[in-house]
Amino acid sequence: MNHWLMKSEPNDFSIDDLRTAPGRETHWDGVRNYQARNFMRDQMKQGDLVFFYHSNCAEPGITGIAKISREAYPDHTAFNPKDKHYDPKSDPDNPRWYMVNISYQRKLNRMIPLSKLREYSDRQLKNLTLLRRGNRLSITPVNAKEWFFILSLE
DNA sequence: GCCAACGTTGGC
DNA sequence: GCCAACGTTGGC
């Protein structure tokens, strides 16, 4: 099983939005970055666990845990000219963009701020993709050791 | 609001 | 295929 970290701007879609969503589930549309797409399309498996991360907000950090509830399928918002994430280059017969579904697992007892993760950036979390210099990827892998170490910070 | 990092676009 | 310009991300 793989582990992941997925960023969301809480103004846009927060862990509470996921918790209160119908079926406590949502589709992760709008990813328009090839590396992030490849993670979803090629590596995400049903049951994989995900750190839900709040970005671009007052206190960025990990706020909860979700699970991949449906593996990659075409992101239909790319086909809709009225959609914010419309991409005329994505052909329904050969989709360029994909999405997965995630389901709510739980909120952390207390969120783990980015600043806390950074405290371990030269030790246990030395290789955490999220902390790599200037990383803006919205979906990043977390290896098992990193996953359990981060959970121990909760 | 600033700005560094960095992915994408498009002219050549 | 190079690379400058441009747009976006996201911490601060």
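First the proteins, then the strands, lettered A, B, ... as listed; each starts at 1. Hydrogens, waters and symmetry mates play no part in the numbers below; they use all other heavy atoms, side chains included.
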K.L.:
So does A:Leu125 get a backbone contact from the side chain of A:Glu146, meaning a donor-acceptor N/O pair under 3.5 Å?
P.N.:
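No, because the side chain of A:Glu146 does not come within donor-acceptor range (under 3.5 Å) of the backbone of A:Leu125.
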K.L.:
Are A:Tyr34 and A:Trp97, when compared by the centres of their aromatic rings, separated by less than 6.0 Å?
P.N.:
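Yes, close enough.
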K.L.:
CZ of A:Arg37 versus C1' of B:dG7: gap in Å, rounded?
P.N.:
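Rounded to the whole Å, the gap is 14 Å.
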K.L.:
If we ignore angles and hydrogens, is there a donor and acceptor under 3.5 Å between the side chains of A:Arg32 and A:Thr77?
P.N.:
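Result is yes, a qualifying pair exists.
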K.L.:
Rounded to whole angstrom units, what separation is found between the CZ atom of A:Arg118 and the P atom of C:dC12?
P.N.:
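Answer to the nearest Å: 5 Å.
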K.L.:
Check whether any side-chain N or O of A:Glu154 sits under 3.5 Å from a backbone N or O of A:Asn109 as a donor-acceptor pair, and report yes or no.
P.N.:
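Answer holds: yes.
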K.L.:
Do side-chain atoms of A:Asp75 reach the backbone of A:Met99 as a donor and acceptor pair under 3.5 angstrom?
P.N.:
no
K.L.:
Whole angstrom is fine here: how far is it from CH2 in A:Trp97 over to C1' in B:dG7?
P.N.:
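So the CH2-C1' distance, A:Trp97 to B:dG7, works out to 10 Å.
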K.L.:
Tell me: NZ of A:Lys84 to P of C:dT8, nearest whole Å?
P.N.:
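Rounding to the nearest Å, NZ of A:Lys84 and P of C:dT8 are 10 Å apart.
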K.L.:
Nearest nucleotide by nearest heavy atom, which residue falls closer to the 5' end of DNA chain B, A:Asn135 or A:Lys89?
P.N.:
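Whichever sits nearer the 5' end wins; that is A:Asn135.
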K.L.:
Rounded off to whole Å, could you give me the CG-to-P distance for the A:Leu137 and C:dG11 pair?
P.N.:
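Computing the A:Leu137:CG to C:dG11:P distance gives 13 Å.
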K.L.:
Hey, which sits more toward the 5' end of DNA chain B by its nearest nucleotide, A:Asn56 or A:Arg136?
P.N.:
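The residue whose closest nucleotide sits nearer the 5' end is A:Asn56.
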K.L.:
So what does A:Arg32 touch, heavy atoms closer than 4.0 Å: a base, only the sugar-phosphate, or nothing?
P.N.:
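Counting heavy atoms under 4.0 Å across all strands, no contact is made by A:Arg32.
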K.L.:
Looking only at side-chain N and O atoms, does A:Tyr53 come under 4.0 Å of OP1 or OP2 in C:dT9?
P.N.:
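The answer is no; no side-chain N or O of A:Tyr53 sits under 4.0 Å from OP1 or OP2.
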K.L.:
Looking only at side-chain atoms of A:Ser55, point me to the closest of C:dG10, B:dT9, B:dT8.
P.N.:
C:dG10
K.L.:
Rounded to whole Å, please give me the gap between CD in A:Glu9 and C1' in C:dG11.
P.N.:
12 Å
K.L.:
In whole Å, what is the span from the CG atom of A:Leu117 to the C1' atom of C:dG10?
P.N.:
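Value for this atom pair: 15 Å.
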K.L.:
Can you tell me if A:Lys7 touches the phosphate of C:dG10, counting only side-chain N or O atoms and a distance under 4.0 Å to OP1 or OP2?
P.N.:
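The answer is yes; a side-chain N or O of A:Lys7 sits under 4.0 Å from OP1 or OP2.
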K.L.:
Check the distance between C:dC12's P and A:Leu114's CG and give it to me in whole angstrom.
P.N.:
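To the nearest whole Å, that distance equals 6 Å.
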